[in-house]
J.: 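Sharing a structure with you now.
Index from 1, following the sequence. Computed over heavy atoms, backbone and side chain alike; hydrogens, waters and symmetry mates excluded.
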Amino acid sequence: MPGKLVLSAAAVLIILGSAALAADSVYPNDPVSLASGRELAEIHCAACHAVAAGDVSAQAGAPAFRDLSKMYPLDSLEEPLAEGIVTGHDGMPEFAFEPDDIDAFLGYLSTIQTN
């Protein structure tokens with residue numbers, strides 16, 4: 001019986017901890033949104049950038065998405081994603097995301113950031 005109590009207490013702590021982390025995020029972090037955000041990154045960005053937690057950028061000099069928060073606050077990307085990202089280098093496609101796609105994309109990015 002004491003073992004079951006310890007397991008139950010541990011499960012409650014895990015659930016509460018997960019809920020607290022989710023409450024801190026301003027972007028959706030449900031599995032469907034995260035999958036959508038990752039898919040957007042893979043479709044639009046993976047030809048050059050590392051878009052997963054452990055891959056390598058295909059284009060030299062293209063920052064890995066897991067390191068973006070070291071360079072910019074992620075929420076500063078909302079407006080450029082909505083209006084179309086314009087960069088100073090050739091080859092980067094211009095695209096603009098819809099609001100729900102921006103939230104999903106930034107939600108996904110927030111889950112892969114390195115410390």
J.: Please report the closest heavy-atom contact between Ile85 and Leu81, naming both atoms and the distance.
T.: CD1-CD2, 3.5 Å
J.: Does a side-chain heavy-atom distance below 4.5 Å link Val26 with Asp75?
T.: no
J.: Are Met71 and Val51 grouped together when hydrophobic residues (ILVMFWY) are joined by side-chain heavy atoms under 4.5 angstrom apart?
T.: yes
J.: Ignoring hydrogens and geometry, is there a side-chain-to-backbone donor-acceptor pair from Asp67 to Lys70 under 3.5 Å?
T.: no
J.: Do the side chain of Arg66 and the main chain of Ala52 share a donor and acceptor less than 3.5 angstrom apart?
T.: yes
J.: Please find the pair of heavy atoms, one from Leu106 and one from Glu78, that lie closest to each other, and give the distance.
T.: CD1-CG, 3.3 Å
J.: Indicate the atoms forming the closest heavy-atom contact of Leu34 with Asn29, along with that distance.
T.: CD1-O, 3.4 Å
J.: Quick one: does any side-chain atom of Ser33 pair with a main-chain N or O of Asp30 as donor and acceptor, under 3.5 Å?
T.: no
J.: With rounding to the nearest 0.5 Å, note down the distance linking CZ in Phe65 to CG in Asp55.
T.: 10.0 Å
J.: Identify the two heavy atoms, one from Ala50 and one from Val56, that lie closest to each other, and give their separation to 0.1 Å.
T.: CB-C, 3.6 Å
J.: I'd like to know if the side chain of His49 and the backbone of Ser57 have a donor-acceptor N/O pair within less than 3.5 Å.
T.: no
J.: Throw together a table of side-chain donor-acceptor distances under 3.5 angstrom for residues 35-48, partners on residues two or more places apart or in other chains.
T.:
{"unit_1": "Arg38", "atom_1": "NE", "unit_2": "Glu42", "atom_2": "OE2", "d": "2.8"}

J.: Output side-chain donor-acceptor pairs under 3.5 Å for residues 93-103, partner residues at least two apart or in another chain, one line each.
T.:
none

